[in-house]
Amino acid sequence: MAACMRFTRRVWRSFVDNKGHDQHCFPNLKILDAKPGLLQASLKIEPYNLNRVGTVHGGLIMSLTDTLGSLAVATKGQFMTGVSVDIGTSFVKPAGRIGDELIGKAAIIGIGKSLAYTRVDFYNAAGQLAAYGHHTKYIGKSAGHENDVKFSDDGETVIEGKDVD
């Protein structure tokens, strides 16, 4: 498994181990792929993910925009992924029902010393774009953590920092 994927999964585990929002809202989130600046994840839709109409609740999509945007920052080697300063989501089609697999694809649109800009696209079980979101993160004080790493361009190896896993 590539270093970027291992690292991003380790960051996700730290979210879950914190026993906060992420663990309670989507404990079954799976990271499918991670390359520097790109992340793909899936979530099996459970009854607690639904609104009263029986489809995925918009709040779930908003929360996933936040979390997947943060994990996209992790694909750049940052263990601490900053704090949100702006977030938004547009809903295009129903995202699914119980048992469906929701796919999220997050990308770093831009990253500097203080801010990271991400976009997250969500696809329903039919492969249709269901929603898309943007997430801006303040990363100015989170960079330089002892667990940060630098990846090769393809994300296969760590070239600076510790490859723990």
Side-chain angles (χ1 to χ4, degrees), residues 1-2 4-111 114-142 155:
M1 178 185 317
C4 184
M5 179 74 146
R6 286 192 309 274
F7 180 82
T8 305
R9 284 183 171 171
R10 183 161 55 109
V11 172
W12 169 242
R13 279 193 312 273
S14 76
F15 287 15
V16 173
D17 290 347
N18 186 51
K19 300 192 185 320
H21 179 80
D22 297 301
Q23 180 196 23
H24 294 288
C25 289
F26 25 86
N28 57 347
L29 180 74
K30 294 179 189 168
I31 297 174
L32 304 175
D33 194 26
K35 292 180 173 52
L38 300 170
L39 174 91
Q40 185 170 338
S42 71
L43 180 77
K44 182 180 176 193
I45 299 168
E46 301 292 347
Y48 55 83
N49 299 135
L50 303 180
N51 58 29
R52 65 186 180 144
V53 180
T55 60
V56 169
H57 192 285
L60 175 72
I61 300 289
M62 288 290 294
S63 288
L64 283 168
T65 298
D66 186 337
T67 296
L68 297 183
S70 296
L71 290 171
V73 171
T75 69
K76 298 296 270 183
Q78 286 198 217
F79 187 79
M80 301 302 286
T81 57
V83 295
S84 303
V85 296
D86 186 40
I87 191 167
T89 305
S90 294
F91 306 97
V92 182
K93 293 185 179 292
R97 297 185 178 277
I98 294 173
D100 288 349
E101 203 78 16
L102 179 65
I103 300 293
K105 295 180 181 182
I108 297 285
I109 303 304
I111 192 166
S114 298
L115 296 173
Y117 303 89
T118 70
R119 177 182 164 107
V120 185
D121 293 336
F122 296 94
Y123 297 90
N124 61 25
Q128 301 166 318
L129 181 68
Y132 56 93
H134 68 273
H135 187 200
T136 305
K137 304 220 46 169
Y138 174 68
I139 57 169
K141 293 189 177 179
S142 59

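Note: hydrogens, waters and symmetry copies are ignored here, and every other heavy atom, side chains too, is used.
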Just do the side-chain contact (heavy atoms from CB on, under 4.5 Å) check on T81 and L71 with the steps written out, would you?
-> CA-CA 7 Å; T81 57; L71 290 171; 5.9 Å; no

Around M5, counting heavy atoms of other residues, nucleotides and ligands shown, do more than 12 lie under 6.0 Å from its CE?
-> yes

L38 and A107: which non-hydrogen atoms are nearest, and at how many Å?
-> CD2-CB, 3.7 Å

Point-to-point distance, once rounded to the nearest 0.5 Å, from NZ of K105 to CG of D33 = 10.0 Å

Between atom CZ of F26 and atom OG1 of T67, what is the distance when rounded to the nearest 0.5 Å?
-> 3.5 Å

Distance-only, no hydrogens or angles: does the R119 side chain make a donor-acceptor pair with backbone N or O of Y132 under 3.5 Å?
-> no

Here the pair of heavy atoms bringing F91 nearest to M62 is CZ-CG, 4.4 Å

side-chain contact (heavy atoms from CB on, under 4.5 Å) between L29 and V16, intermediate numbers included = CA-CA 10 Å; L29 180 74; V16 173; over 6 Å; no

Let me see the working for I98 and L50 under side-chain contact (heavy atoms from CB on, under 4.5 Å), right down to the final yes or no.
-> CA-CA 8 Å; I98 294 173; L50 303 180; 3.3 Å; yes

Under the 3.5 angstrom rule, does the side chain of T136 hit a backbone N or O of Y117 as a donor-acceptor pair?
-> no

Of the non-hydrogen atoms in T118 and I109, which two are nearest, and what is the gap between them?
-> C-CG1, 4.0 Å

Distance, nearest 0.5 Å, that separates OG1 of T8 from CE of M1 = 10.5 Å

Any donor and acceptor pair, going by atom type alone, linking the side chain of N28 with main-chain N or O of K44 inside 3.5 Å?
-> yes

Donor-acceptor under 3.5 Å (D22 side chain, C25 main chain) = no

Nearest heavy-atom neighbours spanning A34 and L39 = CB-CD1, 4.2 Å

Donor-acceptor under 3.5 Å (N124 side chain, P94 main chain) = yes

With side chains defined as the heavy atoms from C-beta onward, is the minimum distance between L102 and I61 less than 4.5 Å?
-> yes

List for me each residue that meets ring-ring contact (aromatic ring centres under 6.0 Å, His included) alongside F79, sequence neighbours excluded, and say none if there are none.
-> H145

Considering all heavy atoms of both residues, which atom of A95 and which atom of I45 are nearest to each other, and what is their separation?
-> O-CD1, 3.8 Å

Between atom CG of L129 and atom CZ of F122, what is the distance when rounded to the nearest 0.5 Å?
-> 10.0 Å

Exercise: do T55 and N51 side chains pair donor with acceptor under 3.5 Å | yes

With rounding to the nearest 0.5 Å, note down the distance linking NZ in K35 to CD in Q40.
-> 9.0 Å

Where do E46 and N49 land on the side-chain contact (heavy atoms from CB on, under 4.5 Å) test, with the steps shown first?
-> CA-CA 5 Å; E46 301 292 347; N49 299 135; 3.6 Å; yes

Side chains of N18 and Q23: does their closest heavy-atom pair fall under 4.5 Å?
-> no

Taking all non-hydrogen atoms of both residues, which atom of G155 and which atom of A2 are closest, and how far apart?
-> O-CB, 3.6 Å

Does the side chain of K137 come under 3.5 Å of the side chain of S70 through a donor N or O and an acceptor N or O?
-> yes

Once you round to the nearest 0.5 Å, how far does CG of L60 lie from OG1 of T65?
-> 9.0 Å

